[in-house]
Number of protein chains: 2
Amino acid sequence: MVTIKRKQSEAVFRAIADPTRREILGLLRGGGRTVGTVAANFRTSRPAISKHIRLLRSAGLVTTRKSGTARICQLNGKPLRAVNKWLRDYEAFWDENLRKLKQYVEENP
Amino acid sequence: MVTIKRKQSEAVFRAIADPTRREILGLLRGGGRTVGTVAANFRTSRPAISKHIRLLRSAGLVTTRKSGTARICQLNGKPLRAVNKWLRDYEAFWDENLRKLKQYVEENP
DNA sequence: CTTTATCGTAACCATACGGTTACCAATAAT
DNA sequence: ATTATTGGTAACCGTATGGTTACGATAAAG
């Protein structure tokens, strides 16, 4: 199970590495959209977008449901928790105040 | 300038996509280390690690300084702010409470 | 000065990635 | 029944990625 989770988080990091996929996620923040509607926002071909969506789906970031011939994509943000969790360990390395507070606490037992 | 920043953040997302590079960053959280010391933690060859470090450096996540023949790597977390900033827009999509609060606020003007 | 340790880089290789075009399946519309 | 809409997937292509080995540069040690 730990292995599965690790693989999942692995997929998420890879999924958000691509700017087009991040843009797709951004679009879906505005609500569910069909694949075609999503694709219309890009210059690239629909099959290319379709492949991106497939990858996002396998990373758990997007779910789809059929509606007639259309297929509606929905954002699922939960897997992003893994990224957020990972980031927390680095917060002290970009937040100067937090870094100094941490240092203070460590140096004054 | 905006373009530069965008490219930088782009590089950061790419950089953290690789598990080996994330592990390197994790090691560096424990303080500065030489390239060789970092490489010793992996099965892959030193040149491979060296290339990862080069990429991390170009993303601004690692800085290096020479000390004799050695080269000491240091973590720089600041570029991770971009990832954190990006993530904030999705917080409502994994935090159920936040999502509901947002919904309440929007529905009760 | 010669030797050793540390590291970067070039050259090369297999595979993954992101894109395209062509085609097919399924449902809706006529 | 026929046609149009929607979208998934296969086949292919150029490039990026991550790895290796071989070599060279540089500073410390002898």
Side-chain angles (χ1 to χ4, degrees), chain A residues 6-28 31-76 79, chain B residues 6-28 31-76 79:
Chain A
R6 198 170 276 173
K7 270 193 181 169
Q8 183 75 9
S9 130
E10 183 52 42
V12 173
F13 275 98
R14 254 208 40 70
I16 66 171
D18 186 84
T20 302
R21 286 194 289 268
R22 287 201 304 279
E23 219 170 315
I24 292 175
L25 294 178
L27 283 172
L28 294 182
R33 286 161 210 274
T34 68
V35 174
T37 309
V38 171
N41 290 274
F42 300 89
R43 291 186 192 173
T44 56
S45 68
R46 186 189 50 73
I49 300 298
S50 188
K51 289 213 290 187
H52 280 305
I53 290 175
R54 173 164 51 170
L55 198 149
L56 287 169
R57 229 158 51 108
S58 80
L61 289 166
V62 164
T63 60
T64 60
R65 60 190 156 83
K66 288 182 63 175
S67 166
T69 70
R71 189 171 282 269
I72 295 161
C73 304
Q74 196 90 31
L75 172 64
N76 176 29
Chain B
R6 199 169 272 173
K7 270 194 181 169
Q8 185 75 8
S9 128
E10 181 54 38
V12 172
F13 275 98
R14 286 261 179 227
I16 66 172
D18 186 84
T20 302
R21 285 193 289 268
R22 287 201 305 278
E23 219 170 313
I24 292 174
L25 293 178
L27 282 172
L28 294 182
R33 287 163 209 274
T34 69
V35 175
T37 308
V38 171
N41 289 276
F42 300 89
R43 292 186 191 172
T44 55
S45 68
R46 186 190 50 74
I49 300 299
S50 188
K51 287 213 291 188
H52 280 305
I53 290 175
R54 175 167 46 172
L55 197 149
L56 288 168
R57 229 159 50 110
S58 81
L61 288 165
V62 165
T63 60
T64 60
R65 60 190 155 83
K66 289 181 63 175
S67 167
T69 69
R71 190 170 282 269
I72 296 161
C73 305
Q74 196 91 29
L75 172 64
N76 176 28

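Below, read A as the first sequence line, B as the second, and so on, with proteins coming before strands; counting in each chain starts at 1.
- A donor-acceptor contact under 3.5 angstrom links the side chains of B:R57 and B:T64, judged on distance only.
- Counting distance only, with no hydrogens placed and no angle test, the side-chain atoms of B:K51 and the base atoms of D:dG19 include a donor-acceptor pair under 3.5 Å.
- Listed candidates were C:dC7, D:dT21, D:dG18. Nearest to the side chain of B:P47 is D:dT21.
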Next item on the list: Under the side chain to side chain contact (heavy atoms under 4.5 Å, CB included) rule, what do B:R33 and B:L28 come out as? Steps first, then yes or no, please.
Entry: CA-CA 7 Å; B:R33 287 163 209 274; B:L28 294 182; 4.2 Å; yes
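- Side-chain N/O atoms of A:T69 include none lying less than 4.0 angstrom from OP1 or OP2 on C:dA26.
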Next item on the list: Verify side chain to side chain contact (heavy atoms under 4.5 Å, CB included) between A:H52 and A:I24, making sure each step is shown before the conclusion.
Entry: CA-CA 9 Å; A:H52 280 305; A:I24 292 175; 3.8 Å; yes
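- Contact annotation for A:A48: base contact, defined as any heavy-atom pair under 4.0 Å involving a base atom.
- Taking 4.0 angstrom as the limit, A:S50 places none of its side-chain polar atoms (N or O) nearer than this to OP1 or OP2 of D:dG7.
- A straight line from CD of A:E23 to P of C:dG18 spans 14 Å, rounded to a whole angstrom.
- Look at CZ on A:R71: it is 8 Å from C1' on D:dG8, rounded to the nearest Å.
- By the 4.0 Å N-to-carboxylate-O rule, A:D18 lies close enough to B:R14 to be salt-bridged with it.
- The NZ atom of B:K66 sits 10 Å away from the C1' atom of C:dG8 (whole-angstrom rounding).
- Between the NE2 atom of A:H52 and the P atom of C:dG18 there is a distance of 6 Å, given to the nearest Å.
- As judged by a 4.0 angstrom heavy-atom cut-off over every strand, B:R21 is placed among residues touching the sugar-phosphate backbone only.
- In this structure, the CD1 atom of A:I53 is 17 Å from the C1' atom of C:dC17, given to the nearest Å.
- Phosphate proximity of C:dT6 to B:R46: absent, as no side-chain N or O sits under 4.0 Å from OP1 or OP2.
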Check: Given the rule in the side chain to side chain contact (heavy atoms under 4.5 Å, CB included) test, do A:R65 and A:R71 qualify, once you have shown the distances and angles that lead to the verdict?
Finding: CA-CA 6 Å; A:R65 60 190 156 83; A:R71 189 171 282 269; over 6 Å; no
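- Atom pair A:D18:CG and C:dA16:C1' shows a separation of 13 Å (rounding to whole Å applied).
- Separating the CZ atom of B:F42 from the P atom of D:dT20 is a distance of 12 Å, rounded to the nearest angstrom.
- Comparing C:dA22, C:dT9, C:dC17 by their nearest atom to the side chain of B:R54 picks out C:dT9.
- Using a 4.0 Å cut-off, no side-chain N or O of B:T34 falls inside it from OP1 or OP2 of C:dT6.
- When each of C:dG18, D:dG8, C:dG19 is scored by its nearest atom to the side-chain atoms of B:R14, the top-ranked nucleotide is C:dG18.
- Computed from coordinates, the B:L55 CG to C:dT9 P distance equals 13 Å when rounded to whole Å.
- Nucleic acid contact for B:T44: sugar-phosphate only, since backbone atoms but no base atoms lie under 4.0 Å from a heavy atom of the residue.
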